[in-house]
Amino acid sequence: MSEKIAERYEDSLLYRIRHSCAHIMAQAVLEFYPGTKYTIGPAIENGFYYDFDLPQPITQEDLEKIEKRMRQIIAGNHNFIRKVVTAEEARQIFKDQPYKLELIDGLEQGAFDEDGNPLTEKPEISIYQHDTFIDLCRGPHVENTRQINPAAVKLMSIAGAYWRGDEKNKMLTRIYGTAWHTPEELQAYLKMLEEAKARDHRKLGKELEIFIFEDEVGPGLPLWLPRGGVIIEELEKLAKEMEEQAGYLRVRTPHLTKEDLFLRSGHLPYYAESMYPPMEIEGVRYYVKPMNCPMHHKIYASKPRSYRDLPIRLAEYGTCYRYEKSGELFGLMRVRSMQMNDAHIYCTEEQFEQEFLGVIELYKKYFEIFGIQKYVMRLSLHGKAGLGKKYVDNERLWLKTEEMVRRALHNGGIPFVEAEDEAAFYGPKVDVQIWSAIGREFTLATNQVDFAVPARFDLKYMSKDGVEETPLCIHRAPLSTHERMVGFLLEHYAGNFPVWLSPEQTRVIPITDKQNEYAEQIVRHLRAEGIRASADLSAQRMNAKIREAQLMKVPYMLIVGENEAQAGTVSLRVRDGSRQDNIRLGDFIARAKDRIAHRSPEL
RNA sequence: GCCGACGUAGCUCAAUCGGCAGAGCAACCGCCUUGUAAGUGGUAGGUUACGGGUUCGAUUCCCGUCGUCGGCUCCA
């Protein structure tokens, strides 16, 4: 391969254009709103932002005038001039800017950069000036504003953002913008955003009648419509098949448990805030479960276990409830009621690697079925500072387990990235990040090691040597929750589900009402063959029926007129627009059954 | 939870400055009997999210609640 290593974004001209736009925007904002305190304004993916502490709220309309002023500044062909200063000089320059002074303190101590990230060595303090605006900034920037095309810059939105990303701090006003090399690139980007809107799972979910939210039911509590129900049934069928083959045992547990169980598991002190509040009956407090593990632990403990029994893999599509904060809810992706593709694998330390990689193999099989090509395994580790607070206080075990996972991934040839301070409270985890077709990134699958909770439940097995040992536990959810999975799949397929997942696989369309009976007969045949089918017997014309089926993204339409009824055939119209006339019903059935049986992406 | 915007018929969206709330699609009742993305006529459909206030009069202005959206924070 003679491919050159791609230029780092941070080194690119586009990055400098965006970073410089952030400064230019800050200048404009300061001109319009004297007394504004400015904080930080970096380039980000697709654009830039700047966070301000404004003396007054601003609105969407204000963005237009700020944008206009930015264009004027850009047209002024100003140089960006870098200068290295001492901390004292910097304090003098920014004496009226408290946020900047705080940043200077951080830089001087060498502890933090302007984003609040810890630094290893003491940085130089530099400032950048263009026109009348001076900012404390590491750079880099364009040399001159003429390198920015004013027609390729656009301000996008206003949002709140906490100073230094900490919710205890003041909320600032953030303005987002986007900038590109050329106006054409900007237009292409805006068009991409438009298209993304069209395949947003919330929009598709409504149009395709998959799910709804109802005010009277409550926020974050989706109602699955019949078509959504079908998709869920199919996903469960898939999971059960795969898990059965992989040696999982299915269990079932209640939605409620006594408080004691979550005290024992250690979840309550860590997660009480994101659990629904307890209900009390007969003097005992009960919680709706936010996860299934404690109950699975109880099932493990229901009888004595020998090393010969291990690994034990307990699986359940468990229904859980989590009190996500109101602002965190997001369509199906973040909800308050969810059904998890959950399982807990109890194993010995020796078995760990094989079991762990077994789970990852399972992921990969799923990815293949769904045609997921881009994913990143992310190993989340503990953070030293969080020991005893966010994390179980046993550094030795953390390091040991993290090394076990790392080794397992290496030995399995699984590429991964590491993330400090993002583990679960009971152990390291491997999350799988994927990207939906509209570029929305999220965590789908998760695979967590638990070295802490089994001991709390006093889980044991009798080892070969006749001594009691505590098993390790792997928590895993390759298909995430039904909610997140269906949300992802909607965007991934843009609603064009493969045949096996399509809520309605076939719609039979009689051309006139004289063929209604023939159509119904076909539906009976198809159903007997295990193909989901319905007939459109409405009084509309054929064209309208086709249009409707097409909009509902039904993969197969069987159009039947007088000719077909006479000959006992159908005219097949496929969702992609292709058609085959006069085919025997049996041939169609064979085709559909083949696609369904193989969970094929082909139509 | 925090900052900001928004909430009109089942759906998508109108309604000038505060002056009788409207359209398309869907639904329902007809007519048309139809060949691969909307045939046609009619009927019905509303406490303008909810509660309060200002006003002769509020979808419109103000306050509160609920919900949604864009972000921030968070995500066992």
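For clarity, every value in this text was computed on a predicted model and none was experimentally measured.
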Name the stems with RNA chain B in them: runs of three or more consecutive Watson-Crick or G-U pairs, distances under 3.5 Å?
B:1-7 with B:66-72, B:10-13 with B:22-25, B:27-31 with B:39-43, B:49-53 with B:61-65
Should the ring pair A:Trp180 and A:Tyr189 be called parallel, tilted or perpendicular, given that the plane angle runs from 0 to 90° and is split at 30 and 60?
tilted
Pick base, sugar-phosphate or nothing for A:Leu551, based on heavy-atom distances below 4.0 Å to the nucleic acid.
base
Atom NZ of residue position A:Lys65 - does it have more than 12 heavy atoms of other residues, nucleotides or ligands inside 6.0 Å?
yes
Selected nucleotide, minimal atom distance to A:Tyr162 side chain, candidates B:U73, B:G67, B:U34
B:U73
Hey, can you tell me if A:Phe262 and A:Tyr287 have their rings parallel, tilted or perpendicular (30° and 60° cut-offs)?
perpendicular
Taking A:Arg174 for the side chain and A:Ala159 for the main chain, is one N or O donor matched with an acceptor at less than 3.5 Å?
no
Donor + acceptor pair across side chains of A:Gln448, A:Tyr426 (<3.5 Å):
yes
Which nucleotide in B:C75, B:U73, B:G67 has an atom nearest any side-chain atom of A:Pro219:
B:G67
Please give, in whole Å, the distance from B:G35 P to A:Arg547 CZ?
18 Å
Side chain of A:Arg322 only, please: which of B:A37, B:C75, B:U34 is the nearest?
B:C75
Could you tell me how far apart A:Tyr176 (OH) and B:C3 (C1') are, to the nearest whole angstrom?
12 Å
To the nearest Å, how far apart are A:Glu194 CD and B:G70 P?
14 Å
Closest to the side chain of A:Asp215, out of B:G70, B:G35, B:G67, is B:G67
Selected nucleotide, minimal atom distance to A:Ala424 side chain, candidates B:A76, B:C72, B:G39:
B:A76
Does the side-chain ring of A:Tyr271 lie flat on the base of B:A76, meaning centres under 5.5 Å and planes less than 30 degrees apart?
yes
On the 0 to 90° scale, with breaks at 30° and 60°, tag the A:His255-A:Tyr321 ring pair as parallel, tilted or perpendicular.
tilted
RNA chain B: A:Thr446 or A:Gly561, which has the more 5' nearest nucleotide?
A:Gly561
Rounded to the Å, how far apart are A:Lys206 NZ and B:U68 P?
12 Å
Give the nucleotide from the list B:A76, B:G71, B:U73 with an atom nearest to the side chain of A:Pro290.
B:A76
Counting only side-chain heavy atoms from C-beta out, which of B:A76, B:G67, B:U33 sits nearest to A:Lys514?
B:U33
Checking contacts here: which listed nucleotide (B:U73, B:C2, B:A37) is nearest the side-chain heavy atoms of A:Ile546?
B:A37
A:Leu572 CG to B:G35 C1', straight-line distance once rounded to whole Å:
15 Å
As a test of reading the structure: which of B:A76, B:C32, B:A37 is closest to the side chain of A:Tyr426, going by heavy atoms?
B:A76
Look at the aromatic rings of A:His482 and A:Tyr317 and report parallel, tilted or perpendicular, splitting at 30° and 60°.
parallel
Of all the nucleotides listed (B:G35, B:A38, B:U34), which has the minimum atom distance to the side chain of A:Glu562?
B:G35
In whole Å, what is the span from the CD1 atom of A:Ile158 to the P atom of B:C2?
20 Å
Starting at atom CG of A:Leu537, determine the distance to atom C1' of B:U33, rounded to an integer number of angstrom.
15 Å
Where each residue is assigned the nucleotide of RNA chain B containing its nearest heavy atom, which of A:Gly331 and A:Met542 is assigned the position nearer the 5′ end?
A:Met542
Under a 3.5 Å cutoff, is there a donor and acceptor pairing between the side chains of A:Gln339 and A:Glu483?
no
Under 3.5 Å, is there a donor on one side chain and an acceptor on the other for A:Tyr391 and A:Asp421?
yes
A:Lys289 and side chain to side chain donor-acceptor pair (under 3.5 Å): which partner among A:Thr253, A:Thr319, A:Thr257?
A:Thr253
Taking N or O atoms only and anything under 3.5 Å, show me the protein contacts with nucleotides 8-10 of chain B, one pair per line.
none

Could you tell me the separation between the CG atom of A:Leu63 and the P atom of B:A5, rounded to a whole number of Å?
12 Å
